[in-house]
Amino acid sequence: MGADLNASANSHHNSAPRSLKSSQMNNQPLVSSTQNVTKIPKLLPHERVFPIQIGSELFKLSGASISSDAPSYFSQYFQAQVKQAEENGEDLSTAVRTLYIDRDPTTFKDISLHLQGYHVQPRDARHFVRLFADAQFYSLPKLVSQLYEESIFTCVGGREFQISRDLFSGPGNSPNFFTLGFAVFFSSPEDLFPGLDREGLLRPPSIEPPSIPNRSPDIFAELLHLLRGYPVHIRSEHHRAELLRDCRYFNFKGLEQRLIPHAISFNQARGREEIVLRLRDILKSGITIGAEPTSLDPLAGWVTYARPFVDDHPYELVLEIGEESTRLRFGPGGTAPRAEFFRDARTRVAKLFEVIATKLNLPPTTQPLGLLMAKGGASSQPPTPGNTPLSEDLVRVIFDPEASITLDGRTWNPSEDDFFGGQSFPPVGTAGGGGGGGNISAPSSAGGAAGHDSPVSVSTPLPPPPQSTASRKRRRIDAHGFALSVGVPPNPAGPGPEEWIVRNGQWRLRIQGAKNGKAAVECVLVAVKLDAMSSEQARNAQRGFLGGG
């Protein structure tokens, strides 16, 4: 029998080192229950039992349990009684009175478990708000702090969600609807019942679980899936619009930038990365200027863009402007076309040019200060690109030789006689084809292979045009060394102006020096892909019937 006792004792003795080694392997200090007890402040006698009646149930907690999360409503109440009993020489066992609180005993069972050293995990939204309200009411600092770090419980469209706070740690996703809208739950732990005086508060206010009844639970579940890093299949543009609408509602700005329609690709011909974005989705914080100075134009460059919170470097911007909000005006005699914008597009283009001017260290507007003050300030002026130093009201347009143009539903390839109103220009690289013989050093539309973030000097000999008379194209070098091809369609009405309505268009934004402009530089639109109509008849021909016939 003695041998059995010794074996049992040795077994118990040998278990401690194994636990210690396991703890050390996990890099967690081993703290014994005795050490935990000694760390509890002795606000009340640890061995004494103090009665607390919550509603219809009586709870008896030791002084150690009450002192473990203190100072609190309980510790202060019983400290006063202990002090009075000591002053009066009374026995504590008879002098301490029962503390009665008219609250829910079921919720207090979890609070008593917390005071006894157990971790209390909220089960659902209603359980969470009850724990949170009573923890604040009883002034339990450790429990309030723990609940402050717990997952967010909310109800969206009748479905409950438990959301880890780490889910909102991504760039641009916080502050959001929850951190701002439910301040009573997610404010600092020290802010007890914001707006209410703690003194004389008989009971905490009634708090309903956070609820957003007017949003779709399915869409919200997909947003959470995206926030966790998983891809979500965009079924249609309608589905994308639903995701974006709720992203903006909940203020998930970083997630919104991932969902906006965009296309990122490497343009092998130009030797650089491009991003295609709609005009409505451009944010000023993403705009930068990629300088590409040349011997002919030291101020040349391209507008680049990086989606805020998402992209780690900028791409060359290809701007998409749709909704038939662009009209191209061709002047007589091969005059360079100009773009006029309407409705929201005009305002957005004007704001975009203002941001670009700021990036170029130019004033955002050219309106005199006195005129602005007399008319009520810059905000009272109609937004137009002409109010910026980078353009006139009608923005200059360059037709890139590689641009894809569809006019009235058919591919538009201007013939030789259509160039510049019938004017003929010698091929590039021959005498008279740019002011000198031989190859011309100029930045072609293909650009260079270097990155667009650093200044690059591009020297590319432009090849002569094909000699086929059937589809021969002439190239011309403008004053800035940019290869362009401007085709003016035949105008049956004579030498008057020709107009196109651009149903949808994609443009690069080129920065170049300006000799007679408002500033030393200007911003021009370089056509990439256009779907245009030359008349209302062409527009009507592309109409569809509501019934689909």
- Message: Please report whether the ring centroid of Phe220 lies less than 6.0 Å from that of Phe161.
- Response: yes
- Qualifying residues under side chain to side chain contact (heavy atoms under 4.5 Å, CB included), relative to Ala135, sequence neighbours excluded: Leu143, Val144, Leu147
- Contact list for residues 258-287, test ring-ring contact (aromatic ring centres under 6.0 Å, His included), sequence neighbours left out: none
- Message: Working note: Gln121 + Glu150, criterion side chain to side chain donor-acceptor pair (under 3.5 Å); need CA distance, chi angles, decisive distance, verdict.
- Response: CA-CA 8 Å; Gln121 179 74 36; Glu150 285 287 348; 3.2 Å; yes
- Item | Qualifying side-chain hydrogen bond (donor to acceptor under 3.5 Å, both in side chains) pairs, either residue in residues 247-257, two or more places apart | Arg248-Glu256
- Message: Using modelled atom types and a 3.5 Å cut-off, is there a donor and acceptor pairing between side-chain atoms of Arg165 and backbone atoms of Tyr148?
- Response: yes
- Task: Report the residues that fulfil side chain to side chain contact (heavy atoms under 4.5 Å, CB included) with Ser236, sequence neighbours left out, ordered by chain and then residue number.
- Result: His238, His239
- Task: State which residues pass ring pair (Phe, Tyr, Trp, His ring centres under 6.0 Å) with His225; sequence neighbours excluded, sorted by chain then number.
- Result: Tyr230
- Please list all pairs passing the salt bridge (Lys or Arg N to Asp or Glu O under 4.0 Å) test where one or both residues lie in residues 57-73, with sequence neighbours left out. Glu57-Lys109
- Query: For the side chain of Ser68 and the backbone of Ser65, is there at least one donor-acceptor N/O pair under 3.5 Å apart?
  - Reply: yes
- Pairs flagged by salt bridge (Lys or Arg N to Asp or Glu O under 4.0 Å) wherever residues 224-242 is involved - sequence neighbours left out: Glu222-Arg235, Glu237-Arg240
- So ring-ring contact (aromatic ring centres under 6.0 Å, His included) across residues 77-102, not counting sequence neighbours, yields Phe50-Phe78
- Item | Results of side chain to side chain donor-acceptor pair (under 3.5 Å) for Arg159 - residues two or more places apart only | Asp218
- Considering all heavy atoms of both residues, which atom of Pro41 and which atom of Ser67 are nearest to each other, and what is their separation? O-CB, 3.1 Å
- Message: Ser216: which residues meet the side chain to side chain donor-acceptor pair (under 3.5 Å) condition with it, sequence neighbours left out?
- Response: none
- Message: Whether the side chain of Asn173 engages the backbone of Gly254 through a donor-acceptor N/O pair (distance < 3.5 Å, no angle test) should be reported.
- Response: yes
- Residue pairs meeting salt bridge (Lys or Arg N to Asp or Glu O under 4.0 Å), one or both in residues 274-286, sequence neighbours left out, come to Arg270-Glu274, Glu274-Arg508, Arg278-Asp281, Arg280-Glu323
- Which atoms form the tightest heavy-atom contact between Thr288 and Tyr305, and what is the distance? OG1-N, 4.3 Å
- Query: How would you list, by chain and number, every residue that makes a side chain to side chain contact (heavy atoms under 4.5 Å, CB included) with Thr106, sequence neighbours excluded?
  - Reply: Asp104
- Item | Ring centres under 6.0 angstrom apart (Phe178, Phe250) | yes
- Item | Heavy-atom closest pair, residues Ile66 and Ala70 | O-CB, 3.8 Å
- Within 45 degrees of the axis of the six-membered ring of Phe153 and under 6.0 Å from its centre: does Arg126 put its NZ or CZ there? no
